[in-house]
Amino acid sequence: MSRTKCWVIIFLAIVAIVLIGMNVADRENDGPVIVDNNEPTYTTEHALTRVYNLNGALNYRLVTENVEHFAPESLSWFTKPVMTQYDENKVATWEIRADRAKLTNDRMLYLYGNVEVNALTPDSQLRKITTDNASINLITQDISSDDMVTLYGTSFNSSGMKMRGNLRHKTAKLIEKVKTSYEIQTQQTQP
């Protein structure tokens with residue numbers, strides 16, 4: 001091997017060692033990675049989520065414009081969520097809408113702004129629930145609101161300051177300052 005080739009190889013080896021050393025030194029100076037808990041772990045636009053029960057039947061379906069998930073708290077925020085709930089016979093029973101929603105680790109869904117719950121089965125006497133804020137336990141199907149609530153039924157409208165109910169049993173109980181109006185349907189007899 002010629003002397004110039006030997007010097008070129010030695011020079012390139014020294015450059016390589018220096019670059020490796022600089023790279024290792026940079027990694028040591030980085031320190032621990034700082035995680036900002038105010039930033040979501042991930043975000044998704046136009047999401048569709050399906051949740052199944054233990055028997056493999058569809059339990060509910062959630063369509064939303066935007067999802068932000070925060071892994072440290074096991075918390076998810078939804079923008080413009082529309083949730084459709086299904087019964088054990090795989091029949092859609094309720095459609096739930098809001099401006100925003102928060103899903104916590106204990107399977108509580110908190111709904112914020114223009115909350116609307118609509119019955120999807122024709123046999124339900126309770127047709128619609130409207131309020132500003134509500135919470136739903138996704139396991140027991142209990143629904144509650146501590147804001148002004150209006151219930152719309154097949155022949156009545158009721159409003160109250162608070163509500164407790166259960167979507168599975170299609171029940172709702174208004175609490176405090178309840179006002180109800182009924183529509184009396186008359187049957188006409190033919191002469």
Side-chain angles (χ1 to χ4, degrees), residues 33-122 124 126-153 157-177:
V33 176
I34 298 171
V35 177
D36 185 3
N37 288 338
N38 294 329
E39 291 294 319
T41 306
Y42 69 84
T43 60
T44 304
E45 290 184 8
H46 307 291
L48 169 63
T49 305
R50 291 183 181 102
V51 176
Y52 296 88
N53 64 21
L54 295 175
N55 298 325
L58 185 61
N59 199 13
Y60 63 87
R61 184 177 77 118
L62 178 66
V63 179
T64 183
E65 287 182 7
N66 189 357
V67 178
E68 293 178 332
H69 180 71
F70 298 85
E73 298 93 12
S74 294
L75 178 75
S76 296
W77 280 95
F78 304 98
T79 304
K80 297 286 185 189
V82 178
M83 184 170 75
T84 305
Q85 290 192 323
Y86 295 84
D87 65 10
E88 61 278 352
N89 298 322
K90 304 174 189 170
V91 175
T93 54
W94 297 99
E95 181 183 80
I96 301 154
R97 299 174 172 271
D99 292 337
R100 295 267 294 157
K102 175 175 70 170
L103 178 64
T104 60
N105 193 32
D106 58 352
R107 300 294 182 246
M108 287 295 295
L109 183 66
Y110 298 94
L111 303 161
Y112 303 102
N114 299 311
V115 177
E116 191 174 297
V117 180
N118 292 296
L120 299 176
T121 56
S124 178
L126 182 58
R127 304 302 308 151
K128 183 178 182 181
I129 302 169
T130 59
T131 186
D132 286 333
N133 301 296
S135 63
I136 300 173
N137 183 319
L138 295 177
I139 297 168
T140 64
Q141 300 294 304
D142 289 333
I143 183 170
S144 65
S145 177
D146 290 333
D147 292 326
M148 178 72 167
V149 178
T150 303
L151 305 177
Y152 301 92
N157 293 340
S158 290
S159 61
M161 296 308 293
K162 295 180 181 182
M163 180 200 64
R164 304 291 179 262
N166 187 284
L167 296 175
R168 185 173 293 135
H169 302 296
K170 300 177 184 175
T171 60
K173 178 181 177 181
L174 293 173
I175 304 167
E176 294 182 24
K177 300 181 182 177

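Residue numbers start at 1 and run along the sequence shown. Keep in mind that this is a model prediction, so the values were computed, not measured.
The minimum heavy-atom distance linking T131 with S145 is given by the pair OG1-OG, 3.1 Å. Of all non-hydrogen atoms in N166 and T140, the two that sit nearest each other are ND2-O, 3.0 Å. Shown here for L120 and A92, the closest heavy-atom pair between the two residues is CB-O, 3.6 Å. Between A119 and L126, the shortest heavy-atom distance links the atoms CB-O, 3.3 Å. Closest of all the heavy-atom pairs between T41 and A71 is OG1-N, 2.9 Å. Here the closest non-hydrogen pair linking I139 and R168 is O-NH2, 3.2 Å.
Counting heavy atoms from C-beta outward, T150 and I129 have side chains that stay 4.5 Å or more apart. T130 places a side-chain heavy atom less than 4.5 Å from the side chain of K128. Looking at heavy atoms from C-beta onward, L48 lies out of side-chain contact with L62 at the 4.5 angstrom threshold. By the 4.5 Å heavy-atom criterion applied to side chains, I136 and L167 are counted as neighbours.
Contacts of S158 classified as side chain to side chain donor-acceptor pair (under 3.5 Å), with partners at least two apart in sequence or in another chain: T180. Residues meeting the salt bridge (charged side-chain N to carboxylate O under 4.0 Å, His left out) test with E45, sequence neighbours left out: none. By the side chain to side chain donor-acceptor pair (under 3.5 Å) test, D87 is found to be paired with no residue, residues two or more places apart in sequence or in another chain being considered. Considering only residues two or more places apart in sequence or on other chains, K170 meets the side chain to side chain donor-acceptor pair (under 3.5 Å) condition with T121. E176 meets the side-chain contact (heavy atoms from CB on, under 4.5 Å) test with M161, K162; sequence neighbours excluded. Under the side-chain contact (heavy atoms from CB on, under 4.5 Å) criterion, H46 pairs with no residue at all, not counting sequence neighbours. Evaluation of the side chain to side chain donor-acceptor pair (under 3.5 Å) rule for S135 yields S144 as partners, not counting sequence neighbours. Listed by chain and residue number, W77 satisfy the ring pair (Phe, Tyr, Trp, His ring centres under 6.0 Å) test with Y112 (two or more places apart in sequence, or in another chain).
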Using side chain to side chain contact (heavy atoms under 4.5 Å, CB included), reason through L138 and L103 one step at a time and then give a plain yes or no. CA-CA 10 Å; L138 295 177; L103 178 64; 3.6 Å; yes

Run M163 and I143 through side chain to side chain contact (heavy atoms under 4.5 Å, CB included) and show every step you take. CA-CA 8 Å; M163 180 200 64; I143 183 170; 3.9 Å; yes

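Within the structure, salt bridge (Lys or Arg N to Asp or Glu O under 4.0 Å) contacts touching residues 140-153 (residues at least two apart or in different chains) are D146-R164. The side-chain hydrogen bond (donor to acceptor under 3.5 Å, both in side chains) pairs that include a residue from residues 90-105 are T79-R100, K80-D99, E95-R97, D99-N114, T104-D106, where partners are two or more places apart or lie in different chains. Listed by first then second residue, pairs satisfying side-chain hydrogen bond (donor to acceptor under 3.5 Å, both in side chains) with a partner in residues 57-71 read H69-S76, not counting sequence neighbours.
Here the CG-CD1 distance, from L109 to I96, works out to 7.5 Å after rounding to the nearest 0.5 Å. Here the straight-line distance linking atom CZ of F78 with atom OH of Y110 works out to 13.5 Å at 0.5 Å rounding. A distance of 14.0 Å separates CG in N133 from CE in M148, rounded to the nearest 0.5 Å.
Judged purely by atom type and a 3.5 angstrom limit, N55 has no side-chain atom pairing as donor or acceptor with the backbone of A57.
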